[in-house]
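Notes to accompany the following structure.
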Amino acid sequence: MVIVSKAVLVAAVVAAGLIAGLFYAYTVSVMPGLAHADDHTFVTAMRRINEAILNGWFMLSFLGAPLLAVAAVVLHFTSGAQGGLPWLIAGAVLLVATVVVTGAVNVPMNNALTADTVDFAALRARFEEPWVRWNLVRTVVSAAGFGCLVGAVVSRGA
């Protein structure tokens, strides 16, 4: 059972790294690049990105990371694994928080961006700054979750 626990933890680390990397890429490249676009291009590009990202590969890492992290916590207790529990719990909490921030803040803003098609400047003005700010929050939170899971691996000596 310890091998299953280790495998789930490694899968959680990989998924968390992927999702933290995705949010990081938005923070350091996608949004700064779009900041230089005109309003129509910005809104249209964000709409297309929001449509494209809703796919199985994204969901696998986005939802998989917190689910696997929670499973790693449960397996820690049931498998006899040694070490790393505080790191595991912190990682799981942070990755769940990433999903909560996304669902409570970023997704509603994404949905609002598709609701209006008339005034691209007004849409962008309501969307860009808060979305970028909250994406930075989920970048930091998901990266911290990833780091905590790595801490759990190191603590276990796995």
Side-chain angles (χ1 to χ4, degrees), residues 1-35 37 42 44-114 127-158:
M1 195 65 161
V2 173
I3 290 177
V4 171
S5 177
K6 285 181 182 181
V8 168
L9 176 54
V10 168
V13 168
V14 170
L18 289 170
I19 202 64
L22 174 76
F23 294 143
Y24 176 75
Y26 271 88
T27 298
V28 301
S29 64
V30 175
M31 299 313 289
L34 286 176
F42 177 90
T44 302
M46 284 305 297
R47 285 176 175 170
R48 298 304 164 261
I49 290 168
N50 292 337
E51 292 167 4
I53 203 163
L54 296 176
N55 64 71
W57 293 111
F58 169 74
M59 290 300 177
L60 189 63
S61 58
F62 178 66
L63 297 176
L67 291 172
L68 288 163
V70 169
V73 171
V74 171
L75 287 169
H76 180 87
F77 290 111
T78 62
S79 71
Q82 299 294 313
L85 183 61
W87 290 111
L88 277 174
I89 292 170
V93 167
L94 289 164
L95 293 168
V96 167
T98 301
V99 172
V100 170
V101 167
T102 300
V105 181
N106 292 88
V107 169
M109 283 191 278
N110 292 346
N111 293 340
L113 196 63
T114 64
F127 177 87
E128 186 174 16
E129 190 272 327
W131 196 95
V132 167
R133 181 177 56 249
W134 282 101
N135 185 67
L136 178 59
V137 168
R138 66 186 183 168
T139 299
V140 170
V141 172
S142 63
F146 169 72
C148 287
L149 293 183
V150 170
V153 170
V154 171
S155 294
R156 282 189 178 187

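Note that the coordinates shown come from a computational prediction; the quantities given were computed from them, not determined experimentally. As a basis for the values below, the full set of heavy atoms in this structure was taken, side chains included, without hydrogen atoms, waters or symmetry mates.
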Next on the checklist: So that I can tick it off, tell me whether Glu51 and Arg47 are bridged by a salt bridge, with the cut-off set at under 4.0 angstrom between side-chain N and carboxylate O.
Outcome noted: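 So Arg47 does not pair with Glu51 through a salt bridge.
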Checklist entry - Hey, is CZ on Phe127 packed in by over 12 heavy atoms from elsewhere, all under 6.0 Å? => result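 Correct, the count exceeds 12.
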Item to check | Residues, nucleotides or ligands: over 12 heavy atoms within 6.0 Å of Trp87 CH2 | outcome: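 Incorrect, the count does not exceed 12.
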Are [X] and [Y] close enough that some pair of their side-chain heavy atoms sits under 4.5 Å apart?
X      : Y      : result
Val105 : Val137 : no
Lys6   : Leu75  : no
Met109 : Asn50  : no
Phe146 : Leu94  : no
Val30  : Ile49  : yes
Val132 : Leu136 : no

Where do [X] and [Y] come nearest, in terms of heavy atoms and distance?
X      : Y      : result
Pro108 : Gly103 : CD-O, 3.3 Å
Ala12  : Ala69  : CB-N, 3.8 Å
Arg156 : Ser5   : NH1-OG, 3.1 Å

Checklist entry - Rounded to the nearest 0.5 Å, what separation is found between the CZ atom of Phe23 and the CH2 atom of Trp134? => result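 If I round to the nearest 0.5 Å, the distance is 13.5 Å.
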Checklist entry - Looking at CD1 of Ile53 and CG of Asn55, how far apart are the two atoms once the value is rounded to the nearest 0.5 Å? => result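 That separation rounds to 7.5 Å.
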Checklist entry - According to the side chain to side chain donor-acceptor pair (under 3.5 Å) rule, which pairs have a member within residues 137-147, sequence neighbours left out? => result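 Of all non-adjacent pairs touching residues 137-147, those that pass side chain to side chain donor-acceptor pair (under 3.5 Å) are Thr27-Thr139, Thr102-Arg138, Asn135-Arg138.
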Item to check | Expected output: side-chain Ser61 to main-chain Phe58 donor-acceptor under 3.5 Å | outcome: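 Looks like yes, one N/O pair under 3.5 Å.
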Next on the checklist: Go through it in stages, so that I can follow the logic: the residues are Leu149 and Leu68, the test is side-chain contact (heavy atoms from CB on, under 4.5 Å), and I'd like the CA-CA distance, side-chain angles, deciding distance and then a yes or no.
Outcome noted: CA-CA 11 Å; Leu149 293 183; Leu68 288 163; over 6 Å; no
